[in-house]
Each structure stands twice: as structure tokens, then as C-alpha cells.
Amino acid sequence: MSHDQLPTERPAVVTCGLPYANGNLHVGHLRTYVDGDLFSRALKRAGQNTAFVCGSDMHGTPVAVNAAKEGVDPKEFALRHHEQYIERFEQFNIAFDNYGHTHDETNTELTQSFVESWIENDHIHEKEIEVAWDAEEEQPLPDRYVEGTCPYCGEHARGDECDDGCQRHLEPGEIENPVSTVTGNPAEYRKQPHKFLKLADFQSYLQGFLNRLEGTDNARNQPREWIEGELEDLCITRDMDWGIDYPGESEEDLVLYVWVDAPIEYVSSTKQYSERVGTDTYDWEQVWKIGGESQHGTEWNDEWTDKSGEIIHIIGRDIIQHHCVFWPAMLRGAGYNEPRGVLATGFVGIDGKALSTSRNRAIWAEEYLDAGFHPDLFRYYIATGSDLENDIDFSWDRFAERVNGELVGNLGNFCYRALLFAQRNYGGTPDAETSEEITAEIENALEQFREALREYDIRAIGNIAVELAAVGNEYIQRNEPWNLVDDQPEKAAQVIRDCVQLSKACAILMQPVMPGKAEALWTSLGETGAVVETTLGDALETPPTEFAEPTELFSKVESEHVESLNEELRERVEAAEQDSTAGEGEDSEADSTDVDLEPLEEERISFEEFQGVDMRVGEILDAEPIEGADKLLKLDVDLGVETRQVVAGLRELHEVDSLPGTRVIVLANMEKAELFGHESNGMVLAAGEEADLLTTHEDAPLGTRVK
RNA sequence: AGCGGGAUGGGAUAGCCAGGAGAUUCCGGCGGGCUCAUAACCCGCAGACCGGUGGUUCAAAUCCACCUCCCGCUACCA
């Protein structure tokens, strides 16, 4: 059963993934918020009663761990970031109707009521599991309080996810060889009772849900494989202080898992909005519940579709599972409505490469603003730069090119020349009727807008005003009103009237993507109200007969400015790469590429033990790639006494052809291994991620022992 | 190798889900026009066998199969 087309008569809520209160925002984060803001504004222009809500995600172990490092209270720590986000969003014209945080009273209460509802409906059970425990400190070690080895792929992993390796979500107790991230103590496992949400109860529901779900394909397809298989119970409690208490019984130090209270903030934030504006204006229960009330059951009833409001989530594609598996199950378990659409955006790259906060290959929100650009320029670039689910590349060159060509040359120029001409010759909108041709063009643009909205095509929505301005430029050029004013004053007046009307339409159509600039244009038109109050139909209303001389809407990005920004970025990336310990601390991303230096080994070894290590000077005679492996090379190394075959992961880090003749140090008595079917008899020593090869500085003969 | 995304004129992209006009737009190149406008704007030209091979079809950039290459994340870095 499919939904009514957007816009509907019912209220809608648009949400963005909660920013985690533990770092700074960069252009990658901003993409989600810009897209969400644009979409919610577009819905409003189309006449849908819409709340755009979000909030800061305050809980979880990273906040607790980082606050502890700073020696501050986690609440204080998280609130500091929360305040900063509020400011940042304002600066980028991202206008949430309500922005709360997960630690506030509304969310605490609502989260507990969700959990109580799950308990009542028998979706919760208790199980004793082994959790990591720091014996010395007598404290439990949930999630990121431990690191260890992933049980699935053997890689180094965090307690809650295998971020280095297979990316799996890890349940408490799964990680092997756990070590406390706080004290460095090896952790032991201890049995603790924990609460679990029985996801399997919702298996069949979730399959139906994905079939009904609108939005981007990735949101629908990516979780499918998951849902087809056996769904495991989700552990929803953690042994720590920081978080929302598990309701009811006085479970000692048991709080809810951060991914429980985080999405519920969508509901809480909507509720806060509702309470502020009054339920006559916006009733959160009409959106989140079913026909205003809870409807329990583990299956969806088709009659419920279109009985409530429209829930649309805009997220980054890294959190699809949480929104398309856990979250709908949580909602269903509490008898709530389900999301209508999930839009999962792609990532943002910089100059053709992936963004990496640890290497400081990033453009921070603050940095963009410091460069002095209007936020709407960034919004336009990022919203129309590519299809929503595809990645976007950000480069200052491309930014300048698009701003100068599309915004300055086209949209800005058209509106400016039209209004200036109108003002100088008529003091405002000339007294003439809009032509049929132009009325049709505007109507066509409005229809494109509505269609883009129905299809969640954010890029198309962002492009419409610029496209309409292109129509205007062509129209004014073709009619040459500057040649008509003297000979054919009536014709001239009509042409200019058309152009002013087009400008007005542009102001309304560009509002979702460039709200600040739209408002400026609206003011230039002499309009008294605010463009945020308009709906699409107003695009055809007569503009004011008088307005003042307009100002230029956009100004050019100068090439010197671009060069200096490029230079700045380049220098910074280089600096970060050279000095990999710098730039840390600011890094907040759940980014796994940190190149922290490992602490020196505490444990000492004896000289005898060292004697067991047989390292020799060698020379690479031959290097060839191993088929099927991207990084592995098969090397023949001359160790003086014999030539060994060694497999090493150098392929992407060194020019293969340049390796023969290179003197290296080889650990000769390394146990043999077989990799991709090739025997490796020894190990070539190299330093760090970039595999900086060890060598000798003089000419010790091949085979000389290193000691 | 696993997952995801991609391959369309010199560069960047749209179209693909719902197959059918001269394949879109932006940047760049060339030629012209206009002078109201931020050296902006408009018109025209050159330039693409829509990654390859096969299939389905009256008809394929679009659907199906296989293949190649690229990018991101991840892995193999004994």
C-alpha cells in the first residue's frame, strides 16, 4: 500500500541524524543538515505543516571517556558541544523548529516510556552476559571503554564495533582480549544481567516496512540482507553512570544504550515543538502515534498507513542500519507510527579524496565561515552538487566556478538586471500584465518543484531557481527591453513586468536552498512580509509597484582567494601528515584512521630473548605483485647466505619497479606463513603505516646480523 | 577478496527505477551578437560509436547476463 503524495494534509516531521556531542562539525556533517533543512523548507513552501527537529546526542561512552580525560563532568562536556552546534546551525541558516538534546527531561521521560512499553508488551528479556570488567578499578567497561580483538575478523576493534576491521556491530561481551581504554588494564569478563530487545519479534514486520519505505535506494536495500537472516537480540543496557536510567527496578548503574535514547530524541524534540506552539498548530501525537494513539502489535496494519503524519529521516549513509532496522522495531514495539521515508546521503570528499579528520584533510564548518563566504553558497553547492545518495567532491576551485557561473552570472545577474531596469524606468513593477508565456514558465517551474518534492529529489529542488533565471536571461535578451522603452513603451513595460515576476518566483523557489539570499531578494522586491511565510502559489502574485534600487545578490569569488584557500588546505594536510601526532585532540570523528603513536612497551625482554631474534641485512632482488591481492608483493631477498622468498604488503606504498636493489633488514627466523598461496619465509622490516623501509647507512655485507 | 558507488563529448555531470524525438546542463575551446546587467547575458559551431561482449525487444544509455577498469570503506601488510 503506497502513501498519499506529498504534500499531504497531515503534519510532517523532518529529522536529521543527531550530531554527537563530541567534536566539531565539518563539511561532511553539514551535508545532512543542509539537505534536511532544504527538504523541510521545501515541504513548507508546498504548504505542508512541517516540523524540522533534531537535537544533540549526549550519551554514550565516547563522551564519558573524553570528558574523563579532560577531567570534567560528561554533562558539562556534552553541553559545551551542544551549545556550539546550536550556533553553527544558525550560522548556516539551518533552522530547526526545535533543537533539544538527549539528556533533557522530555527525552528522559519519553525514552523510559518507550522501554516500559516494550516491557509491557513482552519485547524485553533479561540475560546474563559476560561483560568486560576492570578488576583493579572495580568497574565495568562498556562499549568503548574496552578495545580488543574482533571475534569475527581478528582485527583490533572497539568494544561496540569493529571499526578497524569488518565494521560489524559488536554486542557487549563479544570482544576478545579486552583491554580498558581508561587504565590500560587488561579486562576480565564478568557475568552481569542485561536487558535485551527481542528484534526477532519484528522480523516479519521489518520486511514489510522496507517494502513500504520511501526515500533513497540505499536505505531500502542495504538492510535487506540483514533482515533476511536471523535477527539477534539487541542489548539495550550498559553498566555505566552516564545515560538514561533503565526504568523501574533499581538496577545498579544500568543505563540505556545510547542508540536507544538517541532516535527517541526525534520524538522528544517534536513533542517540545508541539508544546511550544500548541497542539492546535502542531500535534506531535498526530505524527508519531497512529491516529493519535498507540497501536500495539508486531505487524503493520495497512489501515494505519496515511492515518498519521509523515516521518522523514535524513541521515548519513553510515547509520542506515540504525534507522531502518533498530529504530522501526523500537517504534513498533512501543505502538508508534513508522518512518515514511529515510534519505541516506553520500559522503563528502575533498579535492577528489576521502575526507579524513585525523589527517586534517577536512574543511571545518568554522573554517568555511572564516573564509568569509555566505552560508547559502555552500548550501547551494552541497545540495545540488550530486544526487543525494552519491558522494560529493568539495574543492574550492569547483566551488568558485559554480558560484561565479550559476549564482553570480545567472541567478544573481538576472534578478539584478531585471529589478534595476524596472526600478530605473518604472520605480518598481511596471503597470502591465504578465504574459502567458512567462506565466506558463513559472507554472512549469512550480510543477517541477512539486514533483521533485514528491520524489525526494533535493538536488532538483535546489536547481529550479537557477534554471528559471536562465529562462529569464534568455527572455530579456530576446526581447531587448532597453531598445523598446522609447519606441514601444507598452511592450517594454510588459517584458519588464515579466522579468520582475520571474524574479519574484525565483525568490520563492530558491528559498529552501538559499534562505538568506532569498530573503534579500524578497526585500529588494519591496515585499513587506517574509519569504519564509510564502507558499508556492505566491510566485504568481503581483509584486509591489514600488521598490528601491536593488543591490547585487551575489558577489564573485576571486581567484586569488581560491588560491590562498587551496594553499592553506594543502599546507595543513602536509603538516598533519608529517607530524602525525599533531592535530589530535580536535579529532572527534568515529574515524578509524587515527595514527596515534603507540605507547612504548612496558614489559622488558632479556638479552637472551633478543638473541632469539635473527635480523639480517638483505637486498631485494626481485619484486612482483601477487595476483588477487592489492597490497601484497612477492619479494626475492638476497640474505648473503641464501635467497629467500618473502611476501610483504608494500604494493601500494612503494613503486614496485624501484624495489629491486633496495637494501632492507629482514627478520630471518620469522615463522613461515602462506599468503594468497605464496610462502613467505621471513619478514621485511618497515616503520609505520607508510611502510618506511629499514635499511643500512653504510655497506655492511649482505647477510650481516643486526644486533 | 568483501561491501558500496561509478564508467556518458577535453573536465564535471543529468537521463537509467516506469525502454522509444536531434542524449541534459555547467566549465573549457572556437565564431558571432547585445550593451539593461557583476568583462555579466544571448545565439551558433566543434566535440560522445553513452566502459566491453552477448541477450531480451519492432526499439536499449536505460532491462538481463557475463567481463574490464576506476573510486570509497574494509581485509590480506608473515
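All values derive from a computational prediction rather than experimental measurement. Just so it is clear: chains get the letters A, B, ... in the order the sequence lines come, proteins before strands, and each one is counted from 1. Quick note: numbers below take in every heavy atom, side chains included, and nothing from hydrogens, waters or symmetry partners.
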If you only use heavy atoms from C-beta on, which nucleotide in [options] is closest to the side chain of [X]?
X: A:E474; options: B:C42, B:U38, B:C34; value: B:C42
X: A:F554; options: B:G6, B:U38, B:A37; value: B:U38
X: A:N473; options: B:A14, B:C36, B:C42; value: B:C42
X: A:L553; options: B:U35, B:G33, B:U38; value: B:U38
X: A:N390; options: B:C34, B:C41, B:A14; value: B:A14

Integer angstrom distance from the [atom1] of [N] to that of [M]:
N: B:G52; M: B:U13; atom1: C1'; result: 23 Å
N: B:C66; M: B:C27; atom1: P; result: 41 Å
N: B:G72; M: B:A12; atom1: P; result: 15 Å
N: B:G33; M: B:C70; atom1: C1'; result: 43 Å
N: B:C17; M: B:G29; atom1: C1'; result: 37 Å
N: B:A40; M: B:A1; atom1: P; result: 49 Å
N: B:A65; M: B:C3; atom1: P; result: 15 Å
N: B:C50; M: B:U8; atom1: P; result: 11 Å

Can you see whether A:Y381 has A:R398 sitting over its ring - NZ or CZ less than 6.0 Å from the centre and within 45° of the normal?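 Not flagged: A:R398 not positioned over aromatic ring of A:Y381.
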
Using OP1 and OP2 only, check whether a side-chain N or O of A:Y416 sits under 4.0 Å from B:A37.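 Checking A:Y416 against B:A37: no side-chain N or O falls below 4.0 Å of OP1 or OP2.
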
Counting only side-chain nitrogens and oxygens, does A:N483 get under 4.0 Å of the OP1 or OP2 atom of B:U35?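 Checking A:N483 against B:U35: at least one side-chain N or O falls below 4.0 Å of OP1 or OP2.
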
Taking atom types as modelled, is there a side-chain donor on [X] or [Y] under 3.5 Å from an acceptor on the other?
X: A:Q207; Y: A:N211; value: no
X: A:R31; Y: A:T345; value: no
X: A:T384; Y: A:R402; value: yes
X: A:N473; Y: A:R417; value: yes
X: A:S395; Y: A:D397; value: no
X: A:Y380; Y: A:E406; value: yes

Any A:M514 side-chain heavy atom under 4.5 Å of A:P375 side chain: no

RNA chain B contacts among residues 391-401 of chain A, heavy-atom distance under 4.0 Å: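 Those residues are A:R398, A:E401.
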
Heavy atom of residues 458-470 of chain A under 4.0 Å from RNA chain B: which residues? A:R459

Need one value for [X]: base, sugar-phosphate or nothing, where a base atom within 4.0 Å counts as base even if backbone is also close, heavy atoms only.
X: A:E552; answer: base
X: A:E455; answer: base
X: A:F414; answer: nothing
X: A:D387; answer: sugar-phosphate
X: A:R478; answer: nothing

More than 12 non-hydrogen atoms from neighbouring residues, nucleotides or ligands closer than 6.0 Å to CG on A:D431, yes or no? no

RNA chain B: A:D457 or A:F421, which has the more 5' nearest nucleotide?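 This one resolves to A:D457.
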
Toward the 5' end of RNA chain B, by each residue's nearest nucleotide, A:E389 or A:F347: A:E389

Please state how far atom [atom1] in [X] lies from atom [atom2] in [N], giving the value in whole angstrom units.
X: A:Y380; N: B:U13; atom1: OH; atom2: P; answer: 15 Å
X: A:L407; N: B:C27; atom1: CG; atom2: P; answer: 12 Å
X: A:L484; N: B:C34; atom1: CG; atom2: P; answer: 15 Å
X: A:R417; N: B:A39; atom1: CZ; atom2: C1'; answer: 14 Å
X: A:Q448; N: B:U25; atom1: CD; atom2: P; answer: 13 Å
X: A:E214; N: B:C17; atom1: CD; atom2: P; answer: 19 Å
X: A:E406; N: B:A12; atom1: CD; atom2: P; answer: 16 Å
X: A:L420; N: B:A40; atom1: CG; atom2: P; answer: 18 Å

Provide the Watson-Crick or G-U wobble partner of [N], both distances under 3.5 Å; none if there is no partner.
N: B:C63; result: B:G55
N: B:G72; result: B:C3
N: B:U24; result: none
N: B:C41; result: B:G33

Taking the ring centre of each residue, are A:F39 and A:Y456 less than 6.0 Å apart? yes

Would you say the ring centers of A:F373 and A:F399 fall short of 6.0 Å from each other? yes

For A:P339 and A:L213, work out which heavy atoms get closest and say how close. O-CD1, 3.9 Å

